[in-house]
Trainee: 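My questions all concern the structure below.
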Amino acid sequence: MIYWTLFTHRDWAFVLAATEKGLCFTGSENQDEKELIQWVEKRRKGMKVEQNDDYLSSYVQAFRGYLDGKREIVIPIDVEGTEFQQQVWQALQEIPYGEIRCYGDIAQAIQKPKAVRAVGAAIGANPVMIIIPCHRVIGKNGSLTGFRGGLSMKERLLQLEEQSR
């Protein structure tokens, strides 16, 4: 079972979803549960989806703290992916709060320096934005690049972290 809630805090709004093991999905800004349902149909086939605000209350509190500038969120996650995706996602979690890296840096970190495009694809498949901080990865030239939540959300998250450092 996947439980979900619509997280709203100040001018932020996105879906959070969790299994009994941990957070499994963070939605894009200003999207509804349809985004979650599409993801479940693609990545977690056969799982049932149910709204349950109470089940996600601790996750909501953690996200609220993060958006209020209290740095990292420490919650359990339940992410499924290939071994390569898992390596990339682990490398993303090692980027310190408020810092940025480029795709090449991540490829170097996982000791696959020629896999920059594959790293980009793995980052794009990250189901738990913010927790696995793919927003901290930018283009080699310093430009903001692809982000499932949209470049506006990415820019807001980077600004939040810069202000809270």
Trainee: Is a donor from one side chain sitting under 3.5 angstrom from an acceptor on the other, for Q90 and Q86?
Mentor: no
Trainee: Please check if atom CD in E83 has more than 12 non-hydrogen atoms from other residues, nucleotides or ligands closer than 6.0 Å.
Mentor: no
Trainee: Taking side chain as C-beta onward, heavy atoms only, is L160 less than 4.5 Å from H135?
Mentor: no
Trainee: Take Q31 and Q38, measure what side chain to side chain contact (heavy atoms under 4.5 Å, CB included) needs, and give me the verdict at the end.
Mentor: CA-CA 12 Å; Q31 294 289 316; Q38 290 173 346; over 6 Å; no
Trainee: Could you give the distance from OG1 (T82) to CH2 (W89), rounded to the nearest 0.5 Å?
Mentor: 7.0 Å
Trainee: So, the side chain of Q85 versus the backbone of A125: is there a donor-acceptor pair under 3.5 Å, distance only?
Mentor: no
Trainee: Tell me whether M47 shares a hydrophobic cluster with I37, the cluster being built from Ile, Leu, Val, Met, Phe, Trp, Tyr side chains joined at under 4.5 Å.
Mentor: no
Trainee: Could you see if L56 belongs to whatever hydrophobic cluster contains L6? Use Ile, Leu, Val, Met, Phe, Trp, Tyr and a side-chain cutoff under 4.5 Å.
Mentor: no
Trainee: Can you tell me how far apart CG (D105) and CD1 (I110) are? Round to the nearest 0.5 Å.
Mentor: 12.0 Å
Trainee: Do you reckon M1 sits in the same ILVMFWY cluster as L23, going by side-chain contacts under 4.5 Å, direct or chained?
Mentor: yes
Trainee: Can you tell me how far the CD atom of E161 sits from the CD atom of E99, to the nearest 0.5 Å?
Mentor: 10.0 Å
Trainee: Membership question, hydrophobic clusters at under 4.5 Å side-chain separation (ILVMFWY): are L144 and I100 in the same one?
Mentor: yes
Trainee: Check the angle between the aromatic planes of F25 and W39 and answer parallel, tilted or perpendicular using the 30° and 60° thresholds.
Mentor: tilted
Trainee: Examine V49 and V79 and state if one hydrophobic cluster contains both, with Ile, Leu, Val, Met, Phe, Trp and Tyr joined whenever side-chain heavy atoms are less than 4.5 Å apart.
Mentor: no
Trainee: So how far is it from Q51 CD to I2 CD1, rounded to the nearest 0.5 Å?
Mentor: 14.5 Å
Trainee: Name all pairs fulfilling the side chain to side chain donor-acceptor pair (under 3.5 Å) condition that reach into residues 11-25, sequence neighbours left out, sorted by first residue then second.
Mentor: D11-R156, T19-D78
Trainee: Please say which of T5, V128, I131 ends up in a side-chain contact (heavy atoms from CB on, under 4.5 Å) with L16.
Mentor: T5
Trainee: Could you walk me through whether R43 and E80 satisfy the salt bridge (charged side-chain N to carboxylate O under 4.0 Å, His left out) test, starting with their C-alpha distance in whole Å, then the side-chain angles of each, then the deciding distance to 0.1 Å, before giving a yes or no?
Mentor: CA-CA 8 Å; R43 303 280 181 220; E80 296 178 356; over 6 Å; no
Trainee: Give the minimum heavy-atom separation between D68 and H9, together with the two atoms involved.
Mentor: OD1-NE2, 2.8 Å
Trainee: Check G27 against M153 and note the closest heavy-atom contact, atom names and distance.
Mentor: O-CE, 4.1 Å
Trainee: Is atom CD of E94 surrounded by more than 12 heavy atoms (other residues, nucleotides or ligands) closer than 6.0 Å?
Mentor: yes
Trainee: In Å and rounded to the nearest 0.5 Å, what is the OG1 to CD1 distance from T26 to I73?
Mentor: 7.5 Å
Trainee: Determine whether M129 and S28 satisfy the following criterion, side chain to side chain contact (heavy atoms under 4.5 Å, CB included), listing intermediate values before the conclusion.
Mentor: CA-CA 8 Å; M129 296 183 295; S28 302; 4.2 Å; yes
Trainee: For residues P127 and C24, report the shortest heavy-atom separation together with the two atoms involved.
Mentor: CB-O, 3.4 Å
Trainee: To the nearest 0.5 angstrom, please state how far the NZ atom of K140 sits from the OG1 atom of T145.
Mentor: 13.5 Å
Trainee: Go through the steps to decide whether I123 and F147 satisfy the test side chain to side chain contact (heavy atoms under 4.5 Å, CB included), and finish with yes or no.
Mentor: CA-CA 9 Å; I123 289 172; F147 185 65; over 6 Å; no
Trainee: For R10, is the CZ atom crowded, meaning more than 12 foreign heavy atoms sit under 6.0 Å from it?
Mentor: yes
Trainee: Can you check whether F7's main-chain N or O pairs, donor with acceptor, with R64's side chain at less than 3.5 Å?
Mentor: no
Trainee: What pair of heavy atoms forms the shortest contact from A17 to L36, and how long is it?
Mentor: CB-CD1, 3.7 Å
Trainee: For S152 and E29, test the side chains for any donor-to-acceptor distance below 3.5 angstrom and give the result as yes or no.
Mentor: no
Trainee: Donor-acceptor pair, distance only, cut-off 3.5 Å: does the side chain of R136 make one with the backbone of I95?
Mentor: yes
Trainee: Show the nearest heavy-atom pair for residues A118 and F84, with the distance to one decimal.
Mentor: O-CE2, 3.4 Å
Trainee: Can I106 and L92 be said to form a side chain to side chain contact (heavy atoms under 4.5 Å, CB included), step by step?
Mentor: CA-CA 7 Å; I106 304 305; L92 296 177; 4.0 Å; yes
Trainee: I need the minimum non-hydrogen distance between V116 and G104, along with the two atoms involved.
Mentor: CG2-CA, 4.0 Å
Trainee: Assign the ring pair Y55 / Y3 to parallel, tilted or perpendicular, where the plane angle (0 to 90°) is split at 30° and 60°.
Mentor: tilted
